[in-house]
Amino acid sequence: MNEGNFKDIVDAIRDFQERLKSHLPAMEAEIEQIITSQSKDANTIENYLDTLLSLTAHGVGDELFGKLLDYYKTVNSIGAKFYWEEYENME
């Protein structure tokens, strides 16, 4: 692979990550609402954790995932452990 092709791939990955990051502010606001209201809706929280877990695989959303996971420990410690193990296994 020549240097030009490699640079194109790196640029494409960075562009993809930037597009993914553009969705984080909206998710962050929704997650902040879950935490502030002390929601116990495990299904909603797990849906966000699933989405964020997928994003972390692409190098995006780690901090937000951690924040929501820390909150989820107060709702469902066993479920939170599952998500932590999934996150750790990705690395």
Side-chain angles (χ1 to χ4, degrees):
M1 175 181 303
N2 71 36
E3 192 172 314
N5 288 342
F6 182 74
K7 184 183 177 320
D8 290 344
I9 292 170
V10 169
D11 289 344
I13 291 170
R14 284 188 183 137
D15 181 56
F16 178 67
Q17 287 176 324
E18 288 303 314
R19 284 186 280 139
L20 289 176
K21 285 179 189 176
S22 72
H23 297 283
L24 289 180
M27 285 184 67
E28 187 169 13
E30 292 168 9
I31 288 168
E32 197 60 45
Q33 177 61 32
I34 288 170
I35 294 169
T36 302
S37 69
Q38 298 183 343
S39 172
K40 304 294 183 206
D41 184 348
N43 286 332
T44 297
I45 296 169
E46 287 179 2
N47 282 334
Y48 279 106
L49 286 170
D50 288 336
T51 300
L52 288 166
L53 193 60
S54 296
L55 291 174
T56 64
H58 299 290
V60 175
D62 291 86
E63 187 176 320
L64 194 53
F65 177 81
K67 182 176 184 174
L68 183 57
L69 187 59
D70 281 344
Y71 173 72
Y72 192 45
K73 289 177 192 175
T74 69
V75 175
N76 181 344
S77 61
I78 294 170
K81 183 179 182 216
F82 166 80
Y83 280 98
W84 177 252
E85 289 172 355
E86 289 297 307
Y87 178 74
E88 285 288 300
N89 288 332
M90 288 175 48
E91 294 185 356

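We use all heavy atoms of the structure for the numbers below, so side chains are in, but hydrogens, waters and symmetry mates are not. Position 1 is the first residue of the sequence, and the numbers go up from there.
To the nearest 0.5 angstrom, D70 atom CG is 10.0 Å from K67 atom NZ. Expressed to the nearest 0.5 Å, how far CG of L49 lies from CG of L64 amounts to 9.5 Å. The distance from the CG atom of L24 to the CG atom of L52 is 7.5 Å, given to the nearest 0.5 Å. The distance from the CD atom of E86 to the CE atom of M90 is 9.0 Å, given to the nearest 0.5 Å. How far OG of S54 is from CZ of F65: 10.0 Å, rounded to the nearest 0.5 Å.
The minimum heavy-atom distance linking N76 with E46 is given by the pair ND2-OE2, 4.4 Å. The shortest non-hydrogen separation linking V75 to I45 is CG2-CD1, 4.2 Å. The minimum heavy-atom distance linking Y72 with A42 is given by the pair OH-CB, 3.9 Å.
Not a single side chain to side chain contact (heavy atoms under 4.5 Å, CB included) links E63 to another residue, sequence neighbours left out.
Other residues, nucleotides and ligands contribute only 12 or fewer heavy atoms inside 6.0 Å of the NZ atom of K81.
I78 and Y48 fall into different hydrophobic clusters, defined by Ile, Leu, Val, Met, Phe, Trp and Tyr side-chain heavy atoms under 4.5 Å apart, directly or through other members.
For the pair Y71 (side chain) and Q38 (backbone), a donor-acceptor distance under 3.5 Å is present.
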